[in-house]
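To start, the structure under review is shown below, and the notes come after it.
We count ligands from 1, going down the list as the structure has it; atoms in each ligand are counted the same way. Values reported hereafter were calculated over all heavy atoms of this structure, with side chains retained and with hydrogens, waters and symmetry mates removed. Since this is a predicted model, take the numbers as computed values, not measurements.
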Amino acid sequence: MGKRVLLFPLPYQGHINPMLEVAAILHSRGFSITIFHTNYNSIDSTKYPSYRFVLVDDQEISSRFRPAVEDSLHRLIAWNNSCEQLFHDCLTSVLSDKCEEPVACLIRDTHWYNLEYLANRLGVPTLVLRTGSAATLNWFLAFPRLFEKGLIPVKESQLDMPVVELEPLRMRDLPAVGNCRHQLLHNLFTHGMEAIRASSGVIINTFDAIDHKDVEKFQKEIPVAVFCIGPLHKFTPPASSSLLDQDYSCLEWLETQAPSSVLYVSFGSLACMNYEEFVETAWGLANSGQPFIWVVRPGSILGKDEVDLPEGFTEATRGNSKVVSWAPQQEVLAHTAVGAFWTHNGWNSTLEAICEGVPMICRPLFADQMGNARYVTHVWKVGIELEGKLERGKIENAIKRLMKDEEGAEISQRMRALKNEASCCIKSDGSSSISIDKLIHFMSSF
Ligand code: UDX
């Protein structure tokens, strides 16, 4: 009889996609799959007929919070504080089900830290999935130390001060979530790292060529097994774990566009902007003259349930634009007509752009996005940052720099080299494929 793996994604799009990609890899290697999911952002189990799904009733907890990003932190901590209440019974019932294969281990998201201790008490080995880069784990380790030294919250005068132990990060690039109390992030990162120390190892959605130094640095402080098996989405079919319907007419539209001519604009599943920024974005795109696909996610314009494009925008961009609520992003980035990506630098988007060799305009907003953008612009040098107040002239200029100027040609050349490194790691003898084999071997020892 084979073995079963229990997987616990954090119920946010940027965490669900990589966890379901891990599930697909393990399923293809013979494991049976059980996915635990909450009512909040519950996964459509009909898309995965061969997996078992266990719904965790988090209604009472989730209903206390608004969808705003700041509230996501409070919701996350409330889930962990109610971990026993949420997970104990459904986990014990799965473990005691003799009709199912024996459980090899539980794979949990980094931020489900209290699940570590519940699983340990129930005798279930755990692995942790880090859905961001290895570098972010080092940021999480450093953050509490900087906080305790009084350097966080960062003073205005120190924003551009380098974070000595996290070169090339500046203080402004450290993880932050809007105007949330930094004590919350301090607690989240402290608990998260302690729980990793208690786990059997960490799976990271990254690859050695871009993260091996940060992996070595992390293991010096937390000596657990680490498996860099990303980019996960390149080992599995395009994400069918999308919580929103993806508008595939983007791909037909791209067929009508010249190679490398289209700017793809998307800011992930959580980011929002105010209406003024929305109007500036619209006219910056229109005035650039560059063809573009713009994802305007429902609810992403603060204070607006329905979003009307600015007067005259549609006429000014007719034939040159495609505005959708949600796109098949992985396929869009892979299309030859796409030449650049204006992104918020969520990790999945950053990794997906690297895999398709698409240079970036970086407009990070919260969490790990600032640090991801700093690596894109100052370590790999495969993008430029759009800094300060969002204005149509700055947007138009950034698009010109990246898609028309010599600077952009040099960035594209570096991005092609980085894409090649990402392609090599997923070959059968590539670093990530080898790490998957090592992970499977490691799991068979449980
Ligand atoms: C969240 C955090 O915001 C981010 O900082 C962290 O690194 C991961 O968790 P999110 O903001 O949703 O992620 O961004 P990202 O990590 O880029 O994930 C978005 C996912 O949705 C990607 O896999 C992308 O392919 C997909 N997507 C995005 C679509 O399928 N369609 C879209 O239109 C936009």
Side-chain angles (χ1 to χ4, degrees), residues 9-22 41 43 47 67-73 75-76 109-111 129-137 139-140 173-178 180 185 188 204-206 230-234 236-251 264-273 292-300 322-335 338 341-356 358 360 362-376:
L10 196 70
Y12 293 104
Q13 188 71 73
H15 292 251
I16 289 170
N17 286 358
M19 187 65 88
L20 272 290
E21 287 151 2
V22 169
N41 281 349
I43 298 167
K47 292 184 182 176
V69 170
E70 282 78 4
D71 272 25
S72 61
L73 214 49
R75 181 187 289 106
L76 207 160
D109 187 277
T110 316
H111 298 314
L129 173 62
R130 176 60 204 144
T131 57
S133 65
T136 54
L137 289 174
W139 307 344
F140 293 170
D173 302 316
L174 287 168
V177 181
C180 81
L185 280 174
L188 181 73
I204 310 181
N205 185 19
T206 189
L232 289 166
H233 70 285
K234 296 307 275 187
T236 64
S240 54
S241 49
S242 186
L243 298 168
L244 296 174
D245 289 335
Q246 296 170 314
D247 184 340
Y248 276 84
S249 68
C250 294
L251 302 180
Y264 172 60
V265 185
S266 172
F267 306 117
S269 66
L270 294 171
C272 293
M273 61 171 65
F292 62 87
I293 293 181
W294 182 15
V295 177
V296 182
R297 189 187 79 248
S300 66
K322 178 77 174 167
V323 180
V324 296
S325 302
W326 199 244
Q329 177 164 302
Q330 292 172 13
E331 295 95 316
V332 166
L333 288 170
H335 197 287
V338 173
F341 181 14
W342 177 7
T343 174
H344 68 315
N345 282 112
W347 183 246
N348 297 287
S349 291
T350 301
L351 206 49
E352 290 160 10
I354 289 171
C355 289
E356 307 308 335
V358 182
M360 288 170 262
C362 304
R363 179 77 185 179
L365 299 162
F366 54 84
D368 59 334
Q369 298 158 23
M370 291 74 75
N372 294 339
R374 189 69 175 167
Y375 270 59
V376 167

Handout entry: Candidate with minimal heavy-atom separation from atom 23 (O) of ligand 1, of Arg297, Glu352, Gln329
Key = Glu352

Handout entry: salt_bridge(Glu356, Lys234) N-O dist < 4.0 Å
Key =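 Yes, Glu356 and Lys234 are salt-bridged.
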
Measure [X] to ligand 1 on non-hydrogen atoms and call it side chain, backbone, both or neither using the 4.0 Å cut-off.
{"X": "His233", "result": "neither"}
{"X": "Asn17", "result": "side chain"}
{"X": "Trp294", "result": "neither"}

Numbered atoms of ligand 1 (with element) below 4.0 Å of [X], judged on heavy atoms:
{"X": "Gly346", "value": "4 (C), 5 (O), 7 (O), 14 (O), 15 (P), 16 (O), 17 (O)"}
{"X": "Val295", "value": "33 (O)"}
{"X": "Phe366", "value": "3 (O)"}
{"X": "Ala327", "value": "29 (C), 30 (O), 31 (N), 32 (C), 33 (O)"}
{"X": "His15", "value": "9 (O)"}
{"X": "Gln13", "value": "21 (O)"}
{"X": "Tyr264", "value": "32 (C), 33 (O), 34 (C)"}
{"X": "Ser269", "value": "10 (P), 11 (O), 12 (O)"}

Nearest non-hydrogen partners of [X] and [Y], listed with the distance:
{"X": "Ser349", "Y": "Gln329", "value": "OG-NE2, 2.9 Å"}
{"X": "Leu333", "Y": "Val358", "value": "O-CG2, 3.5 Å"}
{"X": "Pro175", "Y": "Leu185", "value": "O-CD1, 3.8 Å"}

With the threshold set at under 4.0 angstrom, would you say [X] reaches ligand 1 through any of its heavy atoms?
{"X": "Asp368", "value": "yes"}
{"X": "Ser266", "value": "yes"}
{"X": "His344", "value": "yes"}
{"X": "Trp326", "value": "yes"}

Practice task
Apply side-chain contact (heavy atoms from CB on, under 4.5 Å) to Ser325 and list each qualifying residue two or more places apart in sequence or on a separate chain.
Solution key: Pro298

Exercise for the section: Could you check Phe267, Phe292, Trp294 and say which one makes a ring pair (Phe, Tyr, Trp, His ring centres under 6.0 Å) with Trp342? Expected result: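 Of the listed options, the one satisfying the test is Phe267.
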
Practice task
Side-chain contact test, heavy atoms from C-beta onward, threshold under 4.5 Å: evaluate it for Val265 versus Ile293 and give yes or no.
Solution key: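 Heavy-atom side-chain distance check fails, nothing below 4.5 Å.
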
Problem - ligand 1 to Asn348 polar contact by distance, N or O atoms, under 3.5 Å - result: yes

Exercise for the section: Report yes if Ser349 has an N/O atom closer than 3.5 Å to an N/O atom of ligand 1; otherwise report no. Expected result: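 N/O-N/O distance under 3.5 Å: yes.
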
Practice task
Using only heavy-atom distances, determine whether the side chains of Glu352 and Asn348 contain a donor-acceptor pair under 3.5 Å.
Solution key: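 Side-chain D/A pair, Glu352 to Asn348: absent.
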
Problem - All salt bridge (Lys or Arg N to Asp or Glu O under 4.0 Å) counterparts of Arg374, not counting sequence neighbours - result: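 Only Asp173 meet the salt bridge (Lys or Arg N to Asp or Glu O under 4.0 Å) criterion with Arg374.
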
Practice task
Run the numbers on Ser242 and Trp326 for side-chain hydrogen bond (donor to acceptor under 3.5 Å, both in side chains), then give the verdict.
Solution key: CA-CA 9 Å; Ser242 186; Trp326 199 244; 2.8 Å; yes

Exercise for the section: Apply side chain to side chain contact (heavy atoms under 4.5 Å, CB included) to the pair Met370 and Leu174, showing each step before the final yes or no. Expected result: CA-CA 7 Å; Met370 291 74 75; Leu174 287 168; over 6 Å; no

